Amino acid sequence: MAGRAVILHDRVDDDAAPDSQDTLVQVEAVGTALGALGYRVETLALGADLLVPIEGLRRRPPEIVFNLVESYHGHGRLNHLIPMLLDANELRFSGSDGTALMLTSAKPVAKAVMRAAGVPTADWLDTLESNPGLSPGDGPWIVKSVWEHASLGMDEGCVVDSWSAALALALAREQSHGGQWFSERYVDGREFNVGMLAGPHGPEILPIAEMRFVDFPPGAPRIVDYAAKWEAESFAYQHTRPAYDFAPGDAALLQRLEALAIACWKRFDLNGYARVDFRVDGDGEPWVLEVNANPCLSPDAGFARAAGRRGLDLCAVTERILTDAKERAHRRMAAAA
């Protein structure tokens with residue numbers, strides 16, 4: 001019989017948006033998997049007061065803390081605080097550590113890290129000025145939140161034709177949605193998701209998914225925006241479909257995507273599970289969009305679908321994540337000895 005497992009997650013209000021409500025789906029699914037693995041499962045929603053629950057865990061340590069926190073107090077830019085506090089209190093937890101979450105969550109920072117490591121990622125602009133040495137030129141540009149995931153604030157209007165329009169839209173989104181926004185060159189092409197799961201010999205690449213934009217009208221940007229992820233009645237949701245079967249001519253591209261995903265795992269020192277999103281331009285060149293160090297584990301989300309195609313249900317995925325967390329804790333103890 002395994003010990004006690006505590007699932008940490010964002011507090012979800014009754015009127016929360018669909019992406020926040022999905023947190024509870026993850027909690028239920030992971031809780032079921034932990035129970036099937038023999039754990040006594042407790043759940044803990046983090047409100048405004050963070051230190052009290054962490055102190056409670058320190059005083060009565062569980063065998064594992066399963067970290068499903070994607071934001072703290074409604075701010076994605078603070079999600080790294082939770083694993084940092086867990087680490088400081090010598091609590092064993094799932095997934096990547098606070099440094100990895102901080103670096104990957106701040107998209108322009110992640111892009112700078114990738115660029116320095118030779119990982120291809122599209123040019124980008126800060127909110128008020130271009131990066132040093134970058135000629136802004138004409139578009140298209142796509143405007144995104146710096147910190148928030150789940151395609152927050154993204155719609156067909158977030159792709160614009162000029163540098164000046166991108167800067168103006170970034171400022172407008174900051175005023176309407178809050179937080180920080182930036183712009184990157186829009187890569188008009190194919191989109192791929194590459195999931196990775198910790199294994200006995202390092203990260204295992206799960207079956208790669210291509211997001212296909214079926215019957216999108218001419219001129220509509222082919223992006224996985226908020227509606228495509230969360231609004232089931234929308235055109236984007238119903239016409240954005242994952243595909244896992246590829247032509248033989250894609251073999252070299254798929255190998256390149258795998259190699260780049262592994263490079264991101266190593267560069268950001270990821271743990272447990274992760275997903276890297278790519279765009280591939282008309283010349284067949286891949287560009288990393290984002291590195292997601294804590295992708296959604298809901299049963300109907302892309303990570304679970306990809307794992308399922310490998311024959312891994314959520315119970316098997318959870319077990320692999322836990323094994324990786326335990327091994328990381330053992331390595332830390334050995335290093336401290």
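On a predicted model such as this, the values are computed, not experimentally measured, just so you know.
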Would you kindly say whether D324 and Y273 are connected by a side-chain donor-acceptor distance under 3.5 Å?
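D324 vs Y273: no donor-acceptor pair found between side chains.
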Carboxylate-amine/guanidinium proximity below 4.0 Å for [X] and [Y]:
X	Y	value
D245	R309	yes
D215	R241	no
D155	R173	yes
E204	R320	yes
E63	R40	no
R275	D277	yes

Could you label the plane-to-plane angle of the F235 and H239 rings as parallel, tilted or perpendicular, counting under 30° as parallel and over 60° as perpendicular?
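It falls in the parallel class, under 30°.
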Just by modelled atom types, is the [Y] backbone N or O under 3.5 Å from a matching donor or acceptor in the [X] side chain?
X	Y	result
K229	V224	no
K107	E290	no
R92	L322	no
Q238	A232	yes
S94	N67	yes
S96	N271	yes
R4	R60	yes

So if you build clusters from Ile, Leu, Val, Met, Phe, Trp, Tyr with side-chain heavy-atom gaps below 4.5 Å, do [X] and [Y] land together?
X	Y	result
L85	V6	yes
M114	F278	yes
W163	V160	yes

Steps toward salt bridge (Lys or Arg N to Asp or Glu O under 4.0 Å) verdict (D250, R190)
CA-CA 12 Å; D250 283 327; R190 302 167 71 183; 3.0 Å; yes
Looking at V317, V41, L297, T43, which hits side-chain contact (heavy atoms from CB on, under 4.5 Å) with V30?
L297
Report the C-alpha separation of S298 and D22 in whole Å, then their side-chain angles, then the decisive distance to 0.1 Å, and conclude whether the side-chain hydrogen bond (donor to acceptor under 3.5 Å, both in side chains) test is met.
CA-CA 7 Å; S298 292; D22 189 65; 2.9 Å; yes
Are R222 and Y186 in a cation-pi setup, meaning NZ or CZ lies under 6.0 angstrom from the ring centre and within 45 degrees of the ring axis?
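Because its charged atom misses either the 6.0 Å distance or the 45° angle limit, R222 does not stack over Y186.
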As an exercise, state the distance from [atom1] of [X] to [atom2] of [Y], rounded to the nearest 0.5 Å.
X	Y	atom1	atom2	answer
D188	I142	CG	CD1	10.5 Å
K326	I321	NZ	CD1	12.5 Å
W287	D281	CH2	CG	6.5 Å

Taking it one step at a time, do R279 and E184 satisfy salt bridge (Lys or Arg N to Asp or Glu O under 4.0 Å)?
CA-CA 12 Å; R279 296 285 285 199; E184 70 178 356; over 6 Å; no
